[in-house]
Peer 1: 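One structure coming up, written as structure tokens, with questions to follow.
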Amino acid sequence: ICDKRLLLDKKFVAKVVTDHLTTLVQQGYVPAMDDGVVGAMQSPASQGIATEERKVVMQYAVLMTSVLRRLLRHSLPVILNPTCLVAVDQLYGSVLKFVPALLGVVRSIESSNHEDVDALLEELCYLTIDVQKGHPIEFGRYLAPFLELFHQQLVDISTATASTNILEEDSSLGRFVMASMTFLSNVL
């Protein structure tokens, strides 16, 4: 509901994004991803010792990604200016860094233990998909790295599942394959 109300005044959204995107990325998103998520994946918390703290960190990362996804989806052409470009580059650089890392976590732990990782992985994928679909021309500067990322991950998944030839649609990897194929179909 708030998303729809906010978008009624596109000039207001453009001003909010221009004024606050750098702060949201550098003081909200990047710390959540760098300090929280990486720490949670590498610490004993990822083994189930401090699961409540880990869940809060992952939920915060999902929330920040969701907010940024909505803002970029509705304002990418406006924010591709020198003041915001560094933040957008930093955001998408982080996505390129963490998608393979999160896929590694999904592959290494049991499916029942990574709902929070799965939610973050899905949000990161749709951050890319939604913005690319809504603004294909403006997204052009980020197209090549994401084509390479999704292609390479699809190749890796197909190689890993080639012996079993089974990839459940409702599994984390199945949802990632669907998101990758959606991105590729949007590009074509």
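Because the structure is a prediction, the values reported are computed rather than measured. If you read the sequence from its start, that first residue is 1, and numbering goes on from there.
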Peer 1: Quick one: closest heavy-atom pair of Val62 and Ala119, and the distance?
Peer 2: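 Here Val62 and Ala119 meet closest at CG2-C, 4.0 Å.
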
Peer 1: Check whether any side-chain heavy atom of Leu91 sits under 4.5 Å from a side-chain heavy atom of Leu127, and report yes or no.
Peer 2: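 Yes. Closest side-chain heavy atoms under 4.5 Å.
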
Peer 1: Can you tell me how far the NZ atom of Lys15 sits from the NE2 atom of His20, to the nearest 0.5 Å?
Peer 2: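 Rounded to the nearest 0.5 Å, the NZ-NE2 separation comes to 7.0 Å.
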
Peer 1: Should we count CD of Glu148 as having more than 12 external heavy atoms under 6.0 Å?
Peer 2: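 No, not enclosed.
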
Peer 1: Any donor-acceptor pair under 3.5 Å linking the side-chain atoms of Arg70 with those of Ser66?
Peer 2: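 Arg70 and Ser66 do have a side-chain donor-acceptor pair below 3.5 Å.
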
Peer 1: Distance check, rounded to the nearest 0.5 Å: Phe146 atom CZ versus Thr128 atom OG1?
Peer 2: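 Nearest 0.5 Å value for the CZ-OG1 distance: 3.5 Å.
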
Peer 1: How long is the gap from CD1 on Ile79 to CG on Asp19, to the nearest 0.5 Å?
Peer 2: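 Separation between the atoms: 12.0 Å.
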
Peer 1: Do Val30 and Ser94 make a side-chain contact, defined as non-hydrogen atoms from C-beta onward lying under 4.5 Å apart?
Peer 2: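 Not touching, per the 4.5 Å side-chain cut-off.
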
Peer 1: Same cluster or not: Leu68 versus Val78, using hydrophobic residues (I, L, V, M, F, W, Y) connected whenever any side-chain heavy atoms lie under 4.5 Å apart?
Peer 2: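 No; tracing contacts between hydrophobic side chains, which count when under 4.5 Å, never links both residues.
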
Peer 1: Test side-chain contact (heavy atoms from CB on, under 4.5 Å) on Gln132 and Thr182 and set out the steps.
Peer 2: CA-CA 11 Å; Gln132 187 277 327; Thr182 300; over 6 Å; no

Peer 1: So how far is it from Tyr29 OH to Asp34 CG, rounded to the nearest 0.5 Å?
Peer 2: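 Rounded to the nearest 0.5 Å, the OH-CG separation comes out at 9.0 Å.
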
Peer 1: Check whether any side-chain heavy atom of Leu173 lies under 4.5 Å from a side-chain heavy atom of Leu103, and answer yes or no.
Peer 2: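 Yes, at least one pair of side-chain atoms sits under 4.5 Å.
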
Peer 1: Take Val117 and Met58, measure what side-chain contact (heavy atoms from CB on, under 4.5 Å) needs, and give me the verdict at the end.
Peer 2: CA-CA 7 Å; Val117 173; Met58 295 297 280; 3.6 Å; yes

Peer 1: Indicate if Leu76 and Leu85 have the same hydrophobic cluster label, given that clusters are the connected sets of ILVMFWY residues with side-chain heavy-atom separations under 4.5 angstrom.
Peer 2: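 Both belong to a single hydrophobic cluster.
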
Peer 1: Answer with yes or no whether the hydrophobic clustering places Val86 together with Val88; edges join I, L, V, M, F, W, Y residues whose side-chain heavy atoms lie under 4.5 Å apart.
Peer 2: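 Shared cluster, no.
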
Peer 1: Indicate yes or no: at least one non-hydrogen side-chain atom of Leu154 is less than 4.5 angstrom from one of Met181.
Peer 2: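 In short, these two side chains touch, coming nearer than 4.5 Å.
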
Peer 1: Are Val67 and Leu121 connected in a single hydrophobic cluster, I mean Ile/Leu/Val/Met/Phe/Trp/Tyr linked by side-chain heavy atoms less than 4.5 Å apart?
Peer 2: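 Leu121 and Val67: one cluster.
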
Peer 1: What I'd like to find out is whether the side chain of Leu72 reaches to under 4.5 Å of the side chain of Asp130, using heavy atoms alone.
Peer 2: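 They are not in contact (no side-chain heavy atoms under 4.5 Å apart), so the answer is no.
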
Peer 1: Which heavy atom of Ala179 sits nearest to which heavy atom of Cys125, and what is that distance?
Peer 2: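 Smallest heavy-atom distance, with atoms named: CB-CB, 3.9 Å.
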
Peer 1: Below 4.5 Å, heavy atoms only, C-beta onward: do Gln153 and Ser180 meet side chain to side chain?
Peer 2: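 They are not in side-chain contact.
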
Peer 1: Any carboxylate oxygen within less than 4.0 angstrom of a Lys/Arg side-chain nitrogen, looking at Arg141 and Asp89?
Peer 2: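 A salt bridge links Arg141 with Asp89.
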
Peer 1: Using modelled atom types and a 3.5 Å cut-off, is there a donor and acceptor pairing between side-chain atoms of His135 and backbone atoms of Pro77?
Peer 2: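 No, the answer is negative, given that no donor and acceptor are paired below the 3.5 Å cut-off.
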
Peer 1: In the structure I gave you, are the side-chain heavy atoms of Tyr126 and Arg69 within less than 4.5 Å of one another anywhere?
Peer 2: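 Yes, at least one pair of side-chain atoms sits under 4.5 Å.
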
Peer 1: On a heavy-atom basis, which atom in Val57 and which in Ala32 lie closest, and how many Å separate them?
Peer 2: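 Closest heavy-atom pair between Val57 and Ala32: CG1-O, 4.4 Å.
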
Peer 1: Do Val131 and Leu24 belong together in a cluster built from hydrophobic side chains that touch within less than 4.5 Å?
Peer 2: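 Same cluster: Val131 reaches Leu24 through Ile, Leu, Val, Met, Phe, Trp or Tyr contacts under 4.5 Å.
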
Peer 1: Give the intermediate values and the outcome of side-chain contact (heavy atoms from CB on, under 4.5 Å) for residues Phe176 and Phe150.
Peer 2: CA-CA 9 Å; Phe176 177 78; Phe150 285 121; 3.8 Å; yes

Peer 1: Drop me the distance from Asp118's CG to Ser172's OG, to the nearest 0.5 angstrom.
Peer 2: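 The CG atom of Asp118 sits 3.5 Å away from the OG atom of Ser172.
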
Peer 1: Less than 4.5 Å apart, side chain to side chain, heavy atoms only: is that true for Leu120 and Phe98?
Peer 2: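 Contact flag for Leu120/Phe98 side chains = no.
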
Peer 1: Heavy atoms only: give me the nearest Pro31-Val25 pair and the separation to one decimal.
Peer 2: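 So the two residues come closest at CD-O, 4.1 Å.
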
Peer 1: Taking the six-membered ring for Trp, are Phe139 and Tyr92 parallel (under 30°), tilted (30 to 60°) or perpendicular (over 60°)?
Peer 2: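 Ring orientation, 0 to 90° scale: perpendicular.
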
Peer 1: Test side-chain contact (heavy atoms from CB on, under 4.5 Å) on Glu122 and Thr65; report intermediate values, then the result.
Peer 2: CA-CA 10 Å; Glu122 187 170 348; Thr65 306; over 6 Å; no

